[in-house]
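Everything on this sheet refers to the single structure shown next.
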Amino acid sequence: MSTSAQRPATSAVVTGAASGIGRSVAEQLVDRGVAVSLVDLAPLDELALELTHRGGAVAAVRGDTGDRSTLRQAVDAAQALAPLTVAILNAGLLTGESDITKVEDRRFEQVVAANVAGVFRGVAEFIKAVGDGPGRVVVTSSSVGLVPAPHDPLYSMTKHAVIGFVRSLALNPELSRLRINAICPNGVDTPMLGESLKAGRALLSAGDVASRILEILASEETGQAWVCTPSKFEPFTFAPNPGYSFPTFAAVD
Ligand SMILES: NC(=O)c1ccc[n+]([C@@H]2O[C@H](COP(=O)([O-])OP(=O)(O)OC[C@H]3O[C@@H](n4cnc5c(N)ncnc54)[C@H](O)[C@@H]3O)[C@@H](O)[C@H]2O)c1
């Protein structure tokens, strides 16, 4: 599905757009005149219609971000609307299990597909599509990409993984035209969190996180993992490199 009121100057791919943070990001981008290629496993037609009524230029790609073909389609759909400059790689899911011996292979593969493969393939397809042009990428990690999560070790593992990916890409001089960051929210009131995970804590709204993602897009920062709580929004300070050396890209600190 694709509609266009008037051709916007720029377009974005937003994964996990059917719900929560992704949906709010899509709404906020449309309100700023950015064309959006919406991606999700879940139905997107209703959202696409709503955004079109708001004057947005949108395309909807229903599929699994773990599949490269979904990301390729999403990037092509965005390019058809306007030059692609932004990717918000946000689709993700919890494992919901503290005991890793109980995580079936199928669940493992779903979680890794959404939280890791979708980010890797999304960034790779985005880089191919933008070529020598500028690009901005925000990956939705989590607070538990920065601190341990004994209640969901697999989820924490995947969210740590994407931060290492973002920080590594940001140091590649061949990708200096890109700005790539991760956002690490802590407790967002979306369908992902069950009532037990919502109880007794101050939660961010999906709109709060979406606004922070737009702030990151507007900044010149790259390679940062942004702490995002109701009272704090700042790049996380990592410990310095303890002295490891590498054969290439020497400026690792
Ligand atoms: N809710 C929180 O407290 C919280 C905190 C930190 C980080 N996050 C992260 O924020 C991101 C968005 O989550 P949310 O809170 O908006 O949850 P949500 O469940 O409301 O939205 C997630 C969306 O991702 C989609 N999705 C999941 N796997 C997919 C796949 N393989 N392919 C395509 N779409 C897929 C779902 O269908 C859903 O629409 C996730 O990456 C999540 O890990 C959430």
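Predicted, not measured: the structure shown is a model, and the values here were computed from it. Counting convention: from 1, in listed order, for ligands and their atoms alike. Reckoned from all heavy atoms, side chains included, excluding hydrogens, waters and symmetry mates.
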Per-residue contact class, V188 against ligand 1 - non-hydrogen pairs under 4.0 Å: both
C184 and ligand 1 - part of the residue with a heavy-atom distance under 4.0 Å: neither
Can you pull out the closest protein heavy atom to [atom]? Residue, atom name and distance to 0.1 Å, please.
| atom | answer |
| --- | --- |
| atom 38 (C) of ligand 1 | D40 OD2, 3.6 Å |
| atom 32 (N) of ligand 1 | T65 N, 2.9 Å |
| atom 29 (C) of ligand 1 | L41 CD1, 3.6 Å |
| atom 16 (O) of ligand 1 | I21 N, 2.8 Å |
| atom 13 (O) of ligand 1 | M192 CE, 3.8 Å |
| atom 40 (C) of ligand 1 | N90 O, 3.2 Å |
| atom 20 (O) of ligand 1 | S19 OG, 2.5 Å |
| atom 14 (P) of ligand 1 | T190 OG1, 3.5 Å |

Identity of the nearest option to atom 35 (C) of ligand 1, non-hydrogen atoms only, from G16, A91, A17: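 It is A91 that holds the nearest heavy atom.
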Residues V139, N181; criterion side-chain contact (heavy atoms from CB on, under 4.5 Å); working and verdict: CA-CA 6 Å; V139 172; N181 291 275; over 6 Å; no
Check for me whether [X] has a heavy atom closer than 4.0 Å to any atom of ligand 1.
| X | result |
| --- | --- |
| R23 | no |
| G187 | yes |
| P185 | yes |
| P191 | yes |
| G63 | yes |
| T15 | no |

Steps toward side-chain contact (heavy atoms from CB on, under 4.5 Å) verdict (D45, R62): CA-CA 9 Å; D45 290 352; R62 190 155 175 208; over 6 Å; no
Give the numbers and elements of all ligand 1 atoms closer than 4.0 Å to a heavy atom of [X].
| X | answer |
| --- | --- |
| G20 | 16 (O), 20 (O) |
| T140 | 9 (C), 10 (O), 11 (C), 41 (O) |
| A114 | 28 (N), 31 (N) |
| D64 | 30 (C), 31 (N), 32 (N) |
| Y155 | 7 (C), 8 (N), 9 (C), 42 (C), 43 (O) |

Where G207 and S24 come nearest, the two heavy atoms and their spacing: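 In this case the closest contact between G207 and S24 is N-OG, 3.6 Å.
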Modelled atom types, side-chain donor and acceptor of S69 and D67, under 3.5 Å: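 Distance-only check fails for S69 and D67.
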Donor + acceptor pair across side chains of S211, D208 (<3.5 Å): no
E234 atom CD, over 12 foreign heavy atoms within 6.0 Å: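 More than 12 heavy atoms, drawn from other residues, nucleotides or ligands, come within 6.0 Å of this atom.
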Contacts of V34 that satisfy side-chain contact (heavy atoms from CB on, under 4.5 Å) - sequence neighbours left out: T10, A12, L29
Do the charged groups of [X] and [Y] touch, with an N to O distance under 4.0 Å?
| X | Y | value |
| --- | --- | --- |
| K128 | E125 | yes |
| R179 | E220 | yes |
| E50 | R54 | yes |

Please tabulate, for side-chain N and O atoms in residues 145-152, each donor-acceptor pair with protein atoms closer than 3.5 Å (sequence neighbours left out).
residue, atom, partner, partner atom, Å
D152, OD1, T95, OG1, 2.8
D152, OD1, Y155, N, 3.1
D152, OD2, T95, N, 2.9
D152, OD2, G96, N, 2.8

Cluster overlap L214 with L38, hydrophobic side-chain contacts below 4.5 Å: yes
Centroid-centroid under 6.0 Å between F233 and W226 rings: yes
